[in-house]
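Quick notes on the structure that follows.
We number each residue from 1, following the sequence as shown.
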Amino acid sequence: MKRAGLFHLLRIARVCVRHGLDDYLVSLKFFGGMRFVSRLLRFGAPPPRKPHAVRLREALEELGPVFVKFGQMLSTRPDLLPEDLVAELTRLQDDVPPFAGDVARRIVERAYGAPLAARFAEFDRRPFASASVAQVHHAVLHDDSAVVVKVIRPDIEKVINRDLGLLYALAEMATRFWSEAPRLRPLEVVEEYDKTIHNELDLLHEAANASLLRANFTDSAMIYVPRIYFEHTRREVMVMERVSGIPIRDVDALRAAGVDLRQLAHNGVEIFFTQAFRDGFFHADMHPGNILVAPDGQYRAVDFGIMGSLGESDKRYLAENFLAFFRRDYRAVAQAHLDAGWVPPQTPVEEFEAAIRTVCEPIFARPIREISFGRFIVRLFQTARRFQMPVQPQLLLLQKTLLNIEGVGRALYPDLDLWQTAKPYLERWMAEQAGPRAAAKRIARELPRWGRIAPELPMLVYEVLRRAQSEDLLLRVRSDELRKLRREIRAGHRRQICAITGGILLAAAILTAALGTATAAWPAGIAGGVLLLLSFRP
């Protein structure tokens, strides 16, 4: 290890000892012999009286922004950490002193390769917000558009890479010498943090996230996403439309502005489920500091560095899980996990169902205002982990966001019934996925591909039949048994042709009917049905 890295490691060790965290370190077999040294360093100091979780939070805050963000990321892993530790880590504040305005100006000018005045009519060198990775300045473009300019901190990537190197080294030692490593997976946790924080260093990545979210909610009355000025955005600099509003944590100001807090809380839940299930792309950092509210109650989101995505299968299985839970059908919850491949196929369903029932039944015994939907998801995933459920990054972000949304909603309106808001939405979404309209939409999506394939079908069929008759495929078949097999192959090819052609005709008929021209759909539907019937003939 280089001398600078060694000194940095010693500083970390000193901070850990000062906060009484050295007992974590000496619990590793590799460091067992250091117990005497840690006691010597703490000689004369009063024994730590604060809980372990509080001491860990305070140590991370003292170690600086990279460790603060690491602690914030750990707070999203309630499937791995105890609840008291998760609760304490969520209190970490990503709030660090700003760097000088002249330094920000130099970074912006270097990114553009031009003077500041070439891009901005005004640029306030005093930042109005500062965080561990970047800070934000007010500015005005030459067309009088009011914007905010986000600027990456100078040399922050070097600091991050240095600290990540130490985190990887500690994670590797923990993996080798810590008895809890197989359960807590320290290397996996550091790798996840590595990916997340490097994404935040690329403001083009954040700009693309914001642009997609804005496109998904064009003209929405519930949420507004600011415009990104891509012509002024670079890897180190992002320029975004300036929006104003009341911070959502300021409940008194919202009430004074006449905002309906109950409706605002329910809208937040609907926005989340719309992002997750309609779009499969959701804002995964919806803590109160990233949400403003307009006087008319419209949400205004900022900071798009961390986003989550869900595939079609994830959305379907999550909806099935939620709805089965609402119906208290724990066998269906267990089966959905198996069907999704989230737990190994050899998992005993009855045993898994019993474990889920043990988690869920106590929830229904409590008053609705005391039930946390987000906590239920956490407990459910913790249970699934006992059955060897591998880490699902998209689900971790989902549970973190759901906890944030539920917390914000209950702060606005303590009687928020997230169950009653979520259940109708999920039932409606599932009906849309399974009904005739959904089938017509899927056919409409696939028709261009079918259109490209259809002209090639006759030649492909001819080639298959020709090769079926040739010696290339059947090498001079002479026996009666092989002749019979040959006839069956040909009959199978004919049935395949009938099935493919019939399916295309039926699909076209369904799409035509869905578009309102039922009369034109009948001939194609009848022909398709006849061909499909012929395909079933022996």
Side-chain angles (χ1 to χ4, degrees), residues 72 76 94 129 131 133-134 136 145-150 152 195-235 237-248 264-294 296-312 314-315 318 393-409 421-422 425 429:
Q72 289 174 330
T76 70
D94 190 12
V133 169
V136 187
S145 299
V147 296
V148 294
V149 183
K150 190 170 186 176
I152 291 289
K195 180 181 176 182
T196 300
I197 198 165
H198 274 100
N199 279 342
E200 290 192 54
L201 288 173
D202 185 354
L203 294 181
L204 285 168
H205 180 82
E206 180 175 345
N209 289 340
S211 182
L212 177 55
L213 192 65
R214 177 180 169 85
N216 289 343
F217 284 92
T218 303
D219 301 324
S220 169
M222 286 193 294
I223 184 170
Y224 183 80
V225 179
R227 171 190 171 188
I228 297 294
Y229 291 85
F230 278 100
E231 65 273 27
H232 300 293
T233 296
R234 302 291 185 271
R235 189 176 187 276
V237 179
M238 184 178 75
V239 178
M240 184 174 71
E241 175 188 2
R242 192 190 308 174
V243 293
S244 59
I246 304 166
I248 200 164
L264 187 66
H266 281 281
N267 284 352
V269 176
E270 185 166 347
I271 288 166
F272 166 70
F273 279 97
T274 301
Q275 290 180 64
F277 287 92
R278 186 194 69 184
D279 306 325
F281 183 74
F282 57 94
H283 195 309
D285 201 17
M286 290 293 283
H287 62 76
N290 285 341
I291 308 171
L292 302 173
V293 181
D296 63 357
Q298 184 187 49
Y299 280 80
R300 293 183 171 178
V302 296
D303 196 344
F304 309 96
I306 304 175
M307 307 294 288
S309 60
L310 295 172
E312 290 301 319
D314 284 330
K315 289 191 286 185
L318 274 170
Q394 75 280 19
L395 302 186
L396 294 175
L397 284 174
L398 181 96
Q399 72 181 19
K400 167 204 170 186
T401 308
L402 189 54
L403 284 167
N404 280 339
I405 289 295
E406 191 172 42
V408 169
T421 307
Y425 183 93
W429 183 83

Please enumerate all residues that pass side chain to side chain contact (heavy atoms under 4.5 Å, CB included) together with His266, with sequence neighbours excluded.
Arg262, Leu416, Thr421

Side chains of His232 and Val237: closer than 4.5 Å at any heavy-atom pair?
no

Can you name the residues that form a side chain to side chain contact (heavy atoms under 4.5 Å, CB included) with Ala207, not counting sequence neighbours?
Ile228, Phe230, Thr233, Met238

Kindly compute the distance separating OG1 (Thr401) from CD1 (Ile306), expressed to the nearest 0.5 Å.
9.0 Å

Sequence neighbours left out, what passes side-chain hydrogen bond (donor to acceptor under 3.5 Å, both in side chains) with Arg300? Give chain and number order.
none

Separation of Met240 CE from Glu206 CD (nearest 0.5 Å)
7.0 Å

Sub-3.5 Å donor-acceptor pair from the side chain of Tyr224 to the main-chain atoms of Phe217, do we have one?
no

I want to check something: taking the side chain as every heavy atom from C-beta on, are Phe282 and Leu213 in contact at a cut-off of under 4.5 Å?
no

Please check this pair: side chain of Asn209 against backbone of Phe304, looking for a donor-acceptor N/O pair closer than 3.5 Å.
yes

Nearest non-hydrogen partners of Ala301 and Pro226, listed with the distance:
O-CD, 3.2 Å

Of all heavy-atom pairs linking Ala265 and Gly409, the shortest is CB-O, 3.6 Å

With Glu312, which residues qualify under side-chain hydrogen bond (donor to acceptor under 3.5 Å, both in side chains), at least two apart?
Lys315

Could you walk me through whether Leu398 and Leu318 pass side-chain contact (heavy atoms from CB on, under 4.5 Å), step by step?
CA-CA 10 Å; Leu398 181 96; Leu318 274 170; 3.8 Å; yes

Return the set of residues passing side-chain hydrogen bond (donor to acceptor under 3.5 Å, both in side chains) with His205 (not counting sequence neighbours), or none when no residue passes.
none

To the nearest 0.5 angstrom, please state how far the CD1 atom of Ile152 sits from the CG atom of Asp202.
8.0 Å

Run the side chain to side chain contact (heavy atoms under 4.5 Å, CB included) test against Asp296 and tell me which residues pass, sequence neighbours left out.
Ala294, Gln298

Just list the side-chain donor-acceptor pairs under 3.5 Å for residues 272-281, sequence neighbours left out, or say none.
from: Thr274; atom 1: OG1; to: Glu270; atom 2: O; distance (Å): 2.7
from: Gln275; atom 1: OE1; to: His283; atom 2: N; distance (Å): 2.8
from: Arg278; atom 1: NH2; to: Asn216; atom 2: O; distance (Å): 2.6

Taking every heavy atom of Val225 against every heavy atom of Arg214, the minimum-distance pair comes out as O-NH1, 2.7 Å

Could you list the residues that satisfy side-chain hydrogen bond (donor to acceptor under 3.5 Å, both in side chains) with Asp303, not counting sequence neighbours?
none

